[in-house]
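In listed order, ligands and their atoms are each counted from 1.
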Amino acid sequence: MKQIVAIIKPFKLDEVREALAEVGVSGLTVTEVKGFGRQKGHTELYRGAEYVVDFLPKVKIEAVVDDNAVEPAVDAIIKAARTGKIGDGKIFVRSVEQVIRIRTGETGPDAV
Ligand SMILES: Nc1ncnc2c1ncn2[C@@H]1O[C@H](COP(=O)(O)OP(=O)(O)OP(=O)(O)O)[C@@H](O)[C@H]1O
Ligand SMILES: [Mg+2]
């Protein structure tokens with residue numbers, strides 16, 4: 001199992017959520033975050049204005065999926081979140097050792 005962590009532009013959240021649902025991702029955690037990439041926030045457009053702050057608003061999406069679902073999920077995020085402009089975001093993929101569904105006690109891929 002893997003955890004996909006994607007940092008995206010906030011206005012892309014709905015599209016990304018729909019794209020992930022289409023490829024069968026069963027659960028998501030979403031957090032409002034702030035960050036910067038290699039332009040350090042300074043030269044990035046946000047809602048039409050050039051932001052001159054150190055940290056730009058972003059949305060972090062976390063989804064844990066079975067190994068064979070990583071590629072379709074990553075592809076779906078890229079397709080939905082990409083504008084082609086700087087600051088489109090980044091995707092990190094991490095290994096997940098265990099998943100436990102609290103209600104039923106199921107573990108592993110059955111619990112994802
Ligand atoms: N190395 C990193 N570690 C942690 N978070 C990062 C990293 N790079 C980017 N981020 C997060 O992703 C957000 C978007 O990054 P961004 O898309 O600007 O990356 P970039 O490398 O500057 O690419 P681009 O040139 O397309 O803008 C940042 O605001 C930050 O929250
Ligand atoms: Mg950037």
Nearest candidate to [atom], where distance is taken over non-hydrogen atoms, out of [options]:
atom: atom 14 (C) of ligand 1; options: G89, G37, A81; answer: G89
atom: atom 1 (N) of ligand 1; options: Q39, K90, K60; answer: K90
atom: atom 13 (C) of ligand 1; options: L56, V59, I7, I91; answer: I7
atom: atom 20 (P) of ligand 1; options: R82, K58, R38; answer: R38

Within reach of ligand 1, part of V33 (heavy-atom separation under 4.0 Å):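 Contact part for V33 vs ligand 1: neither.
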
Any donor-acceptor pair under 3.5 Å from K2 side chain to D66 backbone: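 Flag not set: sc K2 to bb D66 has no pair under 3.5 Å.
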
Proximity flag D88 to ligand 1, non-hydrogen atoms under 4.0 Å: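 Yes, D88 has a heavy atom closer than 4.0 Å to ligand 1.
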
Ligand 1 contact by F55, heavy-atom criterion under 4.0 angstrom: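 No.
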
Criterion side-chain contact (heavy atoms from CB on, under 4.5 Å) on I4 and I91, from CA distance to verdict: CA-CA 7 Å; I4 299 168; I91 301 171; 3.8 Å; yes

Nitrogen or oxygen of F92 less than 3.5 angstrom from that of ligand 1: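 No, since none of the N or O atoms of F92 sits under 3.5 Å from an N or O of ligand 1.
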
Pairs under 3.5 angstrom only: tabulate donor-acceptor contacts from the side chains of residues 18-35 to other protein residues two or more places apart or in another chain.
unit_1 : atom_1 : unit_2 : atom_2 : d
S26    : OG     : V112   : O      : 3.4

same_hphob_cluster(I8, I78) at 4.5 Å side-chain heavy-atom cutoff: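 In one cluster: yes.
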
Common cluster, I77/V59, ILVMFWY with side-chain heavy-atom separation under 4.5 Å: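 Same cluster: I77 reaches V59 through Ile, Leu, Val, Met, Phe, Trp or Tyr contacts under 4.5 Å.
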
Selection residues 97-111 - residue pairs positive for side chain to side chain donor-acceptor pair (under 3.5 Å), sequence neighbours left out: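 Checked against side chain to side chain donor-acceptor pair (under 3.5 Å) - neighbours excluded - the pairs reaching residues 97-111 are R101-E106, T104-E106.
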
Sub-4.0 Å atoms of ligand 1 with respect to non-hydrogen atoms of G87: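 In order of numbering, the contacting atoms are 16 (P), 17 (O), 18 (O), 24 (P), 26 (O), 27 (O).
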
Ligand-side contact atoms (ligand 1) for residue partner I86, heavy atom cut-off under 4.0 Å: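 Those qualifying, in numeric order: 26 (O), 27 (O).
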
Minimum heavy-atom distance D67-M1, with the two atoms named: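 D67 and M1 have their closest heavy atoms at OD1-N, 3.0 Å.
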
